[in-house]
Amino acid sequence: MPNYWLMKTEPNTFSIQDLEKAPHQTTCWEGVRNYQARNMLRDDVKKGDMVLFYHSNTEPVGVHGTAKVVKPGYPDHFQFEPKSKYYDPKASPERPRWFMVDIKHQQTFQQPVTLQTLRTVDALQDMKLLQKGQRLSVQPVTKTQWDLIVKMGATRS
DNA sequence: GCCAACGTTGGC
DNA sequence: GCCAACGTTGGC
């Protein structure tokens, strides 16, 4: 059984359209520098897990499609590169601190499921995303939440 | 651009 | 180990 996740990105930096255009429609999900999110990437995100692809700081904010995990947690190499904005002088290849996964594009929603819309659906009110102050860039979602959002994304309103 | 919420850092 | 200062996230 796969697990289900929501991952946030700023589309100026990397959008679902960028993912579609990427080689093999696959990318490494680098740059997560929060310990809670790191722990999930390292320990919990498995190959075959499914991802809701969320755009933040944009219009419209919301879930724009889905992706699939094709490679589970492995050290984020940007932490070792002094020129990278993600460089971490306290990390070393022997003792990596930060992890990433590889994800592959699955579908881009015909109609993004906006944050505004998510807030109106009773069955989704438990989502971490909707809780006040919740900022994690990698979050678990339930299969029920996943199914509902994917259905909403596939349906034109 | 504002600002609330939260995480991290570092002096003590 | 406390906690003030600072930095970041992310909706609006």
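The analysis underlying the following values was restricted to heavy atoms, covering all of them including side chains, and did not include hydrogens, waters or symmetry mates. Residue numbers start from 1 in every chain, and the chains themselves are labelled A, B, ... in the order their sequence lines are given, proteins ahead of strands.
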### Query
Do the side-chain N or O atoms of A/Y54 get closer than 4.0 angstrom to the phosphate oxygens (OP1, OP2) of C/dG11?
yes
Rounded to whole Å, the NE2-C1' distance (A/H55 to C/dC12) equals 19 Å
Walking DNA chain B from its 5' end, the first of A/K132 and A/N57 to be reached, judged by nearest nucleotide, is A/N57
To the nearest angstrom, the CZ-C1' distance between A/R33 and B/dT9 comes to 17 Å
A/Y35 atom OH is separated from C/dT9 atom C1', nearest whole Å, by 17 Å
Using a 4.0 Å heavy-atom cut-off, does A/Q134 contact any base of the nucleic acid, only the sugar-phosphate backbone, or nothing at all?
nothing
query: Is a salt bridge present between A/R33 and A/D76, judged by a nitrogen-to-oxygen distance below 4.0 Å?
result: yes
* Asked: Could A/D147 and A/K151 be called an ion pair, given the rule that one side-chain N must be under 4.0 Å from one carboxylate O?
  -> no
Q: Please work out whether the ring planes of A/W146 and A/Y4 are parallel, tilted or perpendicular, with thresholds of 30° and 60°.
A: tilted
Whole-Å distance, A/L129 CG to C/dG10 P, equals 10 Å
To the nearest angstrom, the CE-P distance between A/M7 and C/dG10 comes to 14 Å
Q | Near-ring test A/W5/A/F53, centroid separation under 6.0 angstrom | A | no
Rounded to whole Å, the CD-P distance (A/E59 to C/dG11) equals 11 Å
When rounded to whole Å, the CG to C1' distance for the pair A/L115 and C/dC12 reads 10 Å
> Regarding A/D102 and A/W29, is there a side-chain donor-to-acceptor distance under 3.5 Å anywhere?
Replying inline: no
- Is A/K85 positioned over the aromatic face of A/Y87, cation under 6.0 angstrom from the ring centre and no more than 45 degrees off axis? no
Closest heavy-atom pair, A/L129 versus A/Q139, reported as atoms and distance to 0.1 Å, is N-OE1, 3.1 Å
Considering only nitrogen or oxygen atoms on both sides, find all protein atoms under 3.5 Å from nucleotides 1-8 of chain C and state each distance.
{"unit_1": "C/dT8", "atom_1": "O2", "unit_2": "A/R135", "atom_2": "NH1", "d": "3.1"}

A/K128 NZ to C/dG11 P, in whole Å, measures 17 Å
